[in-house]
Amino acid sequence: MNKILAIAGVVIKELYRRKDFYVLFVLTALITLLLGSVNFFHDDRIARYLKEICLLLIWISALVIAITTTARQIPAERENRTIFPLLAKPVTRAQVITGKFLGCWLAVAVALAVFYLFFGVISGSREHAWPVLKYFQALWLQWTMLAVVIALVLFGSVIFTSPAENVTICFFAVLGILLLGGHLNTVALGQKEPARTMLYTLYFLIPHLEWFDVRDIIIYDWPRIPWLDCLLATLYAAVYVVVFLFAAWLVFRRKVLAT
Amino acid sequence: MLALLFGESRQLFANHFFVKADISFHSGYYPSIFDEARQAEENDNDVSHPDEKEEPKSEGGFLGPPTDWIDRFGRHFRPTLHTHLQGGNIREILPWLRISAELDPHRIEAYTVASYWMRKHLGKVDEAEQFLREGLRANPDSYELLFELGNLYYDNRHDAGRARNVWLAALRLWQKQESGKGMPDNYSLDQITVHLAHLEEQEGNLDRAVEYLEMAKRVSPAPLQLQKQIDEIKQRLPRAGALSSH
């Protein structure tokens, strides 16, 4: 476990040394504050449009951070040849995969915590309400969803030759699932065989990341999600994380690293 | 600036933001583009028909029963109740309407819908008038905007004289633009003439009120009801004539 944590620690340090997070956070804050300063019919209690835009920016930023940070982990180690001294130590390839995953996931947690703190302050200053538990649920579910994304990208990074290829494919896959995943069943119903069966199979195979997008609950002040549902969604995500990490390990353990 | 950035796609975005106002009005409970209900909802959005009674809060609605366990469980994480914004919360639709009007200044509905909610529910009569006048500057021949401005003068400013002038201008524009069409906008004519009739009735000009109601009756979906009103006013006509002769 110490070896995994040591590898994860390096990944976290890398996040705060690189400029990606700072740039995205400043951009999110600037756009939100700029839109917050717009006067709509002399009413300073209008808040939902601001919450909506801020949360959208948080989602985009978090996805960019998670995917780009993860995609360069193993290829960068190979390119810099640091993978060899790393594997020369008593560290297994499974520990490298787990350490990289944990590092990226924890690094994203730090970024998300900063983003949500900003969101909470902006939202609270407008609405004069602090539904902390609801924000925590949203953060937790988004972080859980990002675990699946990180595991998927890590799997991609041992399959695809270049990080750019991996980033592009994973972005499209994740956006596709987020936007269309929940509607595949509806689309399947309007198709003829064998397209219907194929779409339905895909619908049951893909991780339903759209569940974890609870922005509407936050924006429109719907009641909190039952904790049991949050737990079940977390377990659902955990299954996919294990599957993707296992697949990544299966490929990585037989991979010839010499260039 | 917006014209430079978006070009002709502004109208598409303007429509998107107008729909956003309706989504906001339903607190996020809205059909997706994959649901059959989406087109019907867009064509007949509730935010544009504020006088209609709210549907009872019901679960399911356009979603229908869940098709599988993924669908069923997924519904725990999104709005599944049909509700409408109430009271001061109505203000939350205003930014989307403003942006929609900024992107497409010829989108009349954005001005009229925003004005209605501001003057009726938020007490923002000055802001509503200013927004309508912005709309009129961009669309000087719009009878819908003039009709809404007349409503503002009549309901909120209690200025029957100005309301009459504005509604008459709206009626003239309607006749100029719509009377020759195969499918004229009868709904607007019905609204303008019924409001004019009501105003004239309140002002004691009963013969003119009858005249407007007769016009409305020709296009109204409920002509019998209007005929009843005409008969009631006609019964009062001789008495009013007698009173005025004294």
Side-chain angles (χ1 to χ4, degrees), chain A residues 35-36 38-53 126-127 137-138 141-142 145 179-190 200 203-230 232-233 235-236, chain B residues 17 20-21 23-38 62-64 66-81 83 85 88-99 101-102 114-115 117-119 122-131 134:
Chain A
L35 286 168
V38 178
N39 179 359
F40 288 107
F41 306 107
H42 308 120
D43 198 328
D44 57 4
R45 282 175 295 174
I46 299 174
R48 290 184 182 177
Y49 82 99
L50 203 59
K51 284 162 72 178
E52 180 151 3
I53 290 160
R126 284 272 174 146
E127 294 189 317
Q137 274 191 341
L141 288 169
Q142 192 177 352
M145 187 274 307
L179 298 173
L180 308 172
H183 305 291
L184 280 178
N185 56 343
T186 316
V187 178
L189 286 174
Y200 250 117
Y203 173 73
F204 283 107
L205 277 179
I206 57 168
H208 282 272
L209 303 177
E210 75 279 359
W211 287 353
F212 302 86
D213 179 4
V214 292
R215 283 178 295 156
D216 281 350
I217 303 285
I218 301 286
I219 295 164
Y220 301 111
D221 296 327
W222 287 97
R224 218 170 48 224
I225 300 159
W227 290 106
L228 180 66
D229 292 331
C230 286
L232 290 172
L235 292 174
Y236 173 82
Chain B
F17 286 114
K20 280 296 295 179
I23 294 172
S24 194
F25 187 64
H26 289 97
S27 296
Y29 177 79
Y30 210 75
S32 73
I33 53 165
F34 299 99
D35 295 305
E36 282 178 24
R38 173 70 174 222
F62 68 83
L63 292 171
T67 51
D68 47 69
W69 68 270
I70 290 173
D71 189 11
R72 186 179 298 111
F73 187 63
R75 290 183 189 193
H76 296 181
F77 302 92
R78 59 191 167 119
T80 51
L81 278 177
T83 60
L85 286 180
N89 280 338
I90 288 292
R91 66 170 62 87
E92 301 294 350
I93 67 170
L94 297 178
W96 305 120
L97 295 172
R98 170 101 231 182
I99 296 168
E102 288 282 338
S115 161
W117 291 109
M118 280 197 279
R119 66 183 180 82
L122 299 169
K124 290 181 174 294
V125 181
D126 291 341
E127 285 84 352
E129 186 176 350
Q130 200 184 334
F131 195 43
E134 271 178 41

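Just so it is clear: chains get the letters A, B, ... in the order the sequence lines come, proteins before strands, and each one is counted from 1. Quantities reported herein were computed from a predicted structural model and do not represent experimental measurements.
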CD1 of A/I225 to CZ of B/R78, rounded to nearest 0.5 Å, is 12.0 Å
Is there a side-chain contact between A/F204 and B/W69, using heavy atoms and a 4.5 Å cut-off?
yes
Given A/D43, A/L180, A/V214, the one with more heavy-atom pairs under 4.5 angstrom with chain B than any other is A/D43
Side chains of B/I70 and A/N185, heavy atoms from C-beta outward: is any pair under 4.5 Å?
no
Can you say whether A/D213 sits under 4.5 Å from chain B via the side chain, the backbone, both, or neither, judging by heavy atoms?
backbone
Atom group of B/D126 that falls short of 4.5 Å from chain A, counting heavy atoms
neither
Could you state the interatomic distance from OH (A/Y220) to NE2 (B/H26), rounded to the nearest 0.5 Å?
11.5 Å
Measure distances from A/H42 to the heavy atoms of chain B and classify the residue's part below 4.5 Å as side chain, backbone, both or neither.
both
Under 4.5 Å to a heavy atom of chain B? For A/L141 that would be side chain
For A/F41 and B/F131, take the angle between the two ring planes, folded into 0 to 90°, and tell me which bin it lands in: parallel under 30, tilted 30 to 60, perpendicular over 60.
perpendicular
Residue B/L85 versus chain A: region with a heavy atom under 4.5 Å:
side chain
Among B/N89, B/D68, B/T67, B/L94, single out the residue with the greatest number of heavy-atom pairs under 4.5 Å to chain A.
B/D68
Quick one: pull up CZ in A/F40 and CG in B/L97 and give me the separation to the nearest 0.5 Å.
10.5 Å
Heavy-atom closest pair, residues A/D216 and B/P79
CB-CD, 3.7 Å
Output the option from A/I46, A/D221, A/V38 having the highest count of non-hydrogen pairs under 4.5 Å with chain B.
A/I46
Between A/W222 and B/S27, is there a donor-acceptor pair closer than 3.5 Å when you use the side chain of the first and the backbone of the second?
yes
Around atom CD of B/E134, are there more than 12 heavy atoms of other residues, nucleotides or ligands at under 6.0 Å?
yes
NE2 of A/H183 to OG of B/S32: how many Å apart, nearest 0.5 Å?
4.0 Å
If one checks every heavy atom of A/E52 against chain B at 4.5 Å, the contacting part turns out to be side chain
Residue part contacting chain B, namely of A/L179, when any heavy atom lies under 4.5 Å:
backbone
Begin with the C-alpha distance, continue with both residues' side-chain angles, and end with the deciding distance and a verdict on side chain to side chain contact (heavy atoms under 4.5 Å, CB included) for A/Y203 and B/D71.
CA-CA 10 Å; A/Y203 173 73; B/D71 189 11; 3.9 Å; yes
Would you indicate whether the side-chain heavy atoms of A/Y49 and B/I99 approach each other to under 4.5 Å?
no
Determine, stepwise, if the pair A/I217 / B/F77 fulfils side chain to side chain contact (heavy atoms under 4.5 Å, CB included).
CA-CA 7 Å; A/I217 303 285; B/F77 302 92; 5.9 Å; no
Whatever's closer than 4.5 Å to a heavy atom in chain A on B/R91 counts as both
Bottom line for A/R45: the part with an atom under 4.5 Å from chain B's heavy atoms is both
